[in-house]
**Student:** 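Sending over a structure as structure tokens; questions will come in a sec.
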Amino acid sequence: QVQLRESGGGLVQAGGSLRLSCAASGRTFSRYEMGWFRQAPGKEREFVAVISWSGVSTYYADSVKGRFTISRDNVENTMYLQMNSLKPEDTAVYSCAATFRAMSRNVREYEYWGQGTQVTVSS
């Protein structure tokens with residue numbers, strides 16, 4: 001099975017930046033659409049961003065538009081989420097996921113998931 005591993009989370013001051021990485025093991029990584037989701041305590045998991053298998057198309061949740069940038073490197077089998085101008089409201093466990101559905105924002109359409117990495121933004 002495809003395995004995904006997130007890294008790069010941590011504690012950062014409001015206004016700061018973090019870059020999350022998602023390393024994939026598997027021979028079909030380049031053909032998957034890849035997404036980032038997050039879940040805060042007591043809340044449902046929510047969509048953050050998605051990138052097409054080619055890396056050409058991207059889509060972001062309104063809450064992160066203009067602040068976050070999703071990218072992927074199919075040679076290194078790695079996806080990234082560059083997070084700038086972080087806010088306390090961004091505090092959550094961030095997970096990467098993979099799907100064959102085109103530009104999906106639906107958690108139920110993602111087949112493979114990482115274990116998540118904690119991002120905490122202090123005031």
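Keep in mind that this is a model prediction, so the values were computed, not measured.
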**Student:** Is there a donor-acceptor contact under 3.5 Å from the side chain of Asp73 to the main chain of Glu76?
**Tutor:** yes
**Student:** For a quick test of reading the model, state the closest non-hydrogen atom pair linking Phe37 to Phe47 and the distance between them.
**Tutor:** CD2-CA, 3.4 Å
**Student:** Could you report the tightest heavy-atom contact between Arg38 and Ser63, atom names first, then the distance?
**Tutor:** NH2-OG, 3.4 Å
**Student:** When you measure from the side chain of Arg19 to the backbone of Gly9, do you find a donor-acceptor pair of N or O atoms at a distance under 3.5 Å?
**Tutor:** no
**Student:** Could you report the tightest heavy-atom contact between Thr58 and Ile51, atom names first, then the distance?
**Tutor:** CG2-CG1, 3.8 Å
**Student:** Over all heavy atoms of both residues, which pair between Met34 and Met79 is shortest? Give the atoms and the distance, please.
**Tutor:** CB-SD, 3.1 Å
**Student:** Sorted by first residue and then second, give each disulfide (SG to SG under 2.5 Å) pair with at least one member in residues 84-123; sequence neighbours left out.
**Tutor:** Cys22-Cys96
**Student:** Give, for atom CG of Leu4 and atom OG of Ser21, the distance between the pair rounded to the nearest 0.5 Å.
**Tutor:** 12.5 Å
**Student:** Return yes if a side-chain donor-acceptor contact under 3.5 Å exists between Thr99 and Glu109, otherwise no.
**Tutor:** no
**Student:** Hey, could you give me the CZ/OG distance between Arg67 and Ser85, rounded to the nearest 0.5 Å?
**Tutor:** 7.0 Å
**Student:** Hey, what do you get for CH2 (Trp113) to CZ (Arg45), rounding to the nearest 0.5 Å?
**Tutor:** 4.5 Å
**Student:** Test of understanding: clusters of I, L, V, M, F, W, Y form through side-chain heavy atoms closer than 4.5 Å, transitively. Do Val12 and Trp36 belong to the same one?
**Tutor:** yes
**Student:** Could you check whether any side-chain N or O of Thr78 sits under 3.5 Å from a backbone N or O of Ala23, counting only pairs where one atom can act as donor and the other as acceptor?
**Tutor:** no
**Student:** Look at the side chain of Tyr80 and the backbone N and O of Thr69, then say whether any donor-acceptor pair between them is shorter than 3.5 Å.
**Tutor:** no
**Student:** Quick one: which of Phe100, Trp53, Tyr110 gives a ring-ring contact (aromatic ring centres under 6.0 Å, His included) with Tyr32?
**Tutor:** Phe100
**Student:** Could you tell me which non-hydrogen atom of Ala49 sits nearest to which non-hydrogen atom of Leu81, and how far apart they are?
**Tutor:** CB-CD1, 4.5 Å
**Student:** Examine distances only and state if a side-chain atom of Thr91 and a backbone atom of Pro88 form a donor-acceptor pair shorter than 3.5 Å.
**Tutor:** yes
**Student:** To the nearest 0.5 Å, how far apart are CD in Glu111 and OG in Ser104?
**Tutor:** 12.5 Å
**Student:** So with a 6.0 Å cut-off around NZ of Lys65, is the heavy-atom count from everything else above 12?
**Tutor:** yes
**Student:** Would you confirm whether Gln3, through its side chain, and Ala24, through its main-chain N or O, come within 3.5 Å as a donor-acceptor pair?
**Tutor:** no
